[in-house]
Amino acid sequence: MSKSTKSRGEQAYSLLRHEIIRGAFAPEQPLRLAQLQERCGVGFSPLREALTRLAAEGLVTSEAMRGFRVAPLSLDDLRDTMETRTYVETEALRRSIERGDDDWEGRIVSSLHALGRQNERSHPDDPDSLAALEDRHRDFHVALISASGSRRLEQIIDNLYLGSVRYRMPSLGNLSSNPARDLMIEHGAISDAALARDAPHAVELLTAHYSLTAELLIQAHSDRLGRAANG
């Protein structure tokens, strides 16, 4: 594969990945190569490369004679994704607390600061600011587990994040402005426990953080399913 073809494949992959995550395509929507070629401005070969990578990440499905489709969303998948993410990520957090050095601590502090600043700038009616907030949110959670010492464990966590963020993005405005919780207090408490090397408390806080997020996402997704059925 030539360098230019690889570059075009990367371009198509990045664009489609972003659009699937933000909900530009409906769940189970067929992804027609001819339409995507015009949308992405690349040829069939780079598109197939991009879609194959997205299928490996679980964002796209591929079936013989049916081609590529956006992966479905369901309440069972949401529960499974959040439960598995909690299970895997708490183990990575334990390892990071045990092995983390000064650089690891610095990543946590700086990512929490960046998250707080973006949280101040974000508004529920501004999709761009919410997307930036989600990026900073991801950076913080990546920083927490970045000293796990396991590349494969971190890859699994990244795939689970992709699975969960498809449910988060349509509800992000409501999640960020929910008066029942203060996300910065939650993240700050997790950070404090991690930096204090208190693994049991950090794991307890992270588990509670994801449990509450899962409850809110399940309710939001159930509401969307109800509106779709009644519409």
Side-chain angles (χ1 to χ4, degrees), residues 18 20-28 58-59 70-93 111-112 114-145 156-194 201-231:
H18 173 74
I20 290 172
I21 287 173
R22 74 179 181 86
F25 298 100
E28 301 188 74
L59 295 176
V70 177
L73 297 177
S74 70
L75 288 173
D76 285 343
D77 177 65
L78 173 54
R79 291 189 184 96
D80 187 29
T81 298
M82 293 304 296
E83 288 174 4
T84 306
R85 185 178 178 190
T86 301
Y87 178 80
V88 175
E89 212 161 313
T90 51
E91 174 60 25
L93 179 57
S111 62
L112 180 64
L115 175 60
R117 293 299 298 273
Q118 184 58 46
N119 186 60
E120 294 170 357
R121 292 190 290 263
S122 294
H123 191 277
D125 297 326
D126 181 0
D128 289 338
S129 73
L130 292 177
L133 181 62
E134 179 59 33
D135 287 342
R136 299 291 79 76
H137 178 255
R138 182 188 184 191
D139 290 345
F140 172 73
H141 283 280
V142 168
L144 283 173
I145 57 92
I156 292 170
I157 290 170
D158 187 55
N159 280 346
L160 289 168
Y161 165 79
L162 291 176
S164 66
V165 77
R166 292 184 65 206
Y167 295 94
R168 279 180 56 84
M169 289 304 290
S171 308
L172 192 56
N174 292 332
L175 290 175
S176 302
S177 59
N178 192 316
R181 69 190 308 197
D182 188 322
L183 287 172
M184 289 312 303
I185 289 180
E186 291 180 32
H187 289 112
I190 296 168
S191 172
D192 289 344
H201 189 42
V203 165
E204 179 185 13
L205 290 170
L206 184 63
T207 300
H209 174 68
Y210 282 155
S211 178
L212 181 53
T213 297
E215 290 177 15
L216 294 172
L217 289 177
I218 288 169
Q219 183 59 55
H221 191 62
S222 297
D223 291 344
R224 285 195 296 274
L225 291 176
R227 288 195 298 270
N230 294 329

field: Evaluation steps, side chain to side chain contact (heavy atoms under 4.5 Å, CB included), between Leu59 and Arg166
entry: CA-CA 9 Å; Leu59 295 176; Arg166 292 184 65 206; 3.6 Å; yes
field: Heavy-atom closest contact (Asp77 atom, Tyr167 atom, distance)
entry: OD2-OH, 2.7 Å
message: With a 4.5 Å cut-off on side-chain heavy atoms, are Ser129 and Arg121 touching?
response: no
Residue pair Ser111 / Ala143: nearest heavy atoms and the distance that separates them: OG-CB, 3.5 Å
field: Minimum heavy-atom distance Ala92-Ile157, with the two atoms named
entry: CB-CD1, 3.6 Å
field: Atom of Gly58, atom of Ala71 and distance for their closest heavy-atom approach
entry: O-CB, 3.3 Å
query: So do Leu144 and Ile190 actually touch side chain to side chain, heavy atoms under 4.5 Å?
result: yes
task: Kindly indicate, with the supporting measurements, whether the criterion side chain to side chain contact (heavy atoms under 4.5 Å, CB included) is fulfilled by Leu75 and Ser222.
output: CA-CA 7 Å; Leu75 288 173; Ser222 297; 3.6 Å; yes
- request: Kindly check if the number of other-residue, nucleotide or ligand heavy atoms within 6.0 Å of CZ (Arg117) is above 12?
  value: no
message: side chain to side chain contact (heavy atoms under 4.5 Å, CB included), that's the test. Do His137 and Leu115 meet it? Break it down for me.
response: CA-CA 6 Å; His137 178 255; Leu115 175 60; 4.2 Å; yes
query: OG/Ser211 to CG/Leu216 distance, rounded to the nearest 0.5 angstrom?
result: 9.5 Å
- request: Please confirm whether Tyr210 and His141 have ring centers closer than 6.0 angstrom.
  value: yes
Sequence-distant partners of Glu204, salt bridge (charged side-chain N to carboxylate O under 4.0 Å, His left out), two or more places apart: none
Side chain to side chain contact (heavy atoms under 4.5 Å, CB included) evaluation trace for Thr213 with Arg168: CA-CA 9 Å; Thr213 297; Arg168 279 180 56 84; 3.9 Å; yes
message: Quick one, Val142 and Asp139 - any side-chain contact, counting heavy atoms below 4.5 Å?
response: no
query: Which heavy atom in His201 sits nearest to a heavy atom in Ala193, and how many Å separate them?
result: CD2-CB, 3.9 Å
- prompt: Side-chain contact, heavy-atom cut-off 4.5 Å: Ile156 with Thr84?
  reply: no
- prompt: So do the side chains of Leu212 and Glu186 get within less than 4.5 Å of each other, counting heavy atoms only?
  reply: yes
message: Within the structure provided, determine whether Leu112 and His187 are in side-chain contact (heavy-atom separation under 4.5 Å).
response: yes
Flag, side chain of Thr207 to backbone of Val203, donor-acceptor distance under 3.5 Å: yes
query: Between CE of Met169 and CD1 of Ile20, what distance do you get to the nearest 0.5 Å?
result: 13.5 Å
query: Can we say Arg79 and Asp76 salt-bridge, meaning some charged N sits less than 4.0 Å from an Asp/Glu carboxylate O?
result: yes
- prompt: Nearest heavy-atom pair of Thr81 and Ser164: which atoms, and what distance?
  reply: CG2-N, 3.7 Å
- prompt: Gln118 versus Asp135: any side-chain heavy-atom pair under 4.5 Å?
  reply: no
query: Hey, what do you get for CD1 (Ile218) to CG (Leu78), rounding to the nearest 0.5 Å?
result: 5.0 Å
- prompt: Given side chains that start at C-beta, do those of Leu160 and Met82 come closer than 4.5 Å, heavy atoms only?
  reply: no
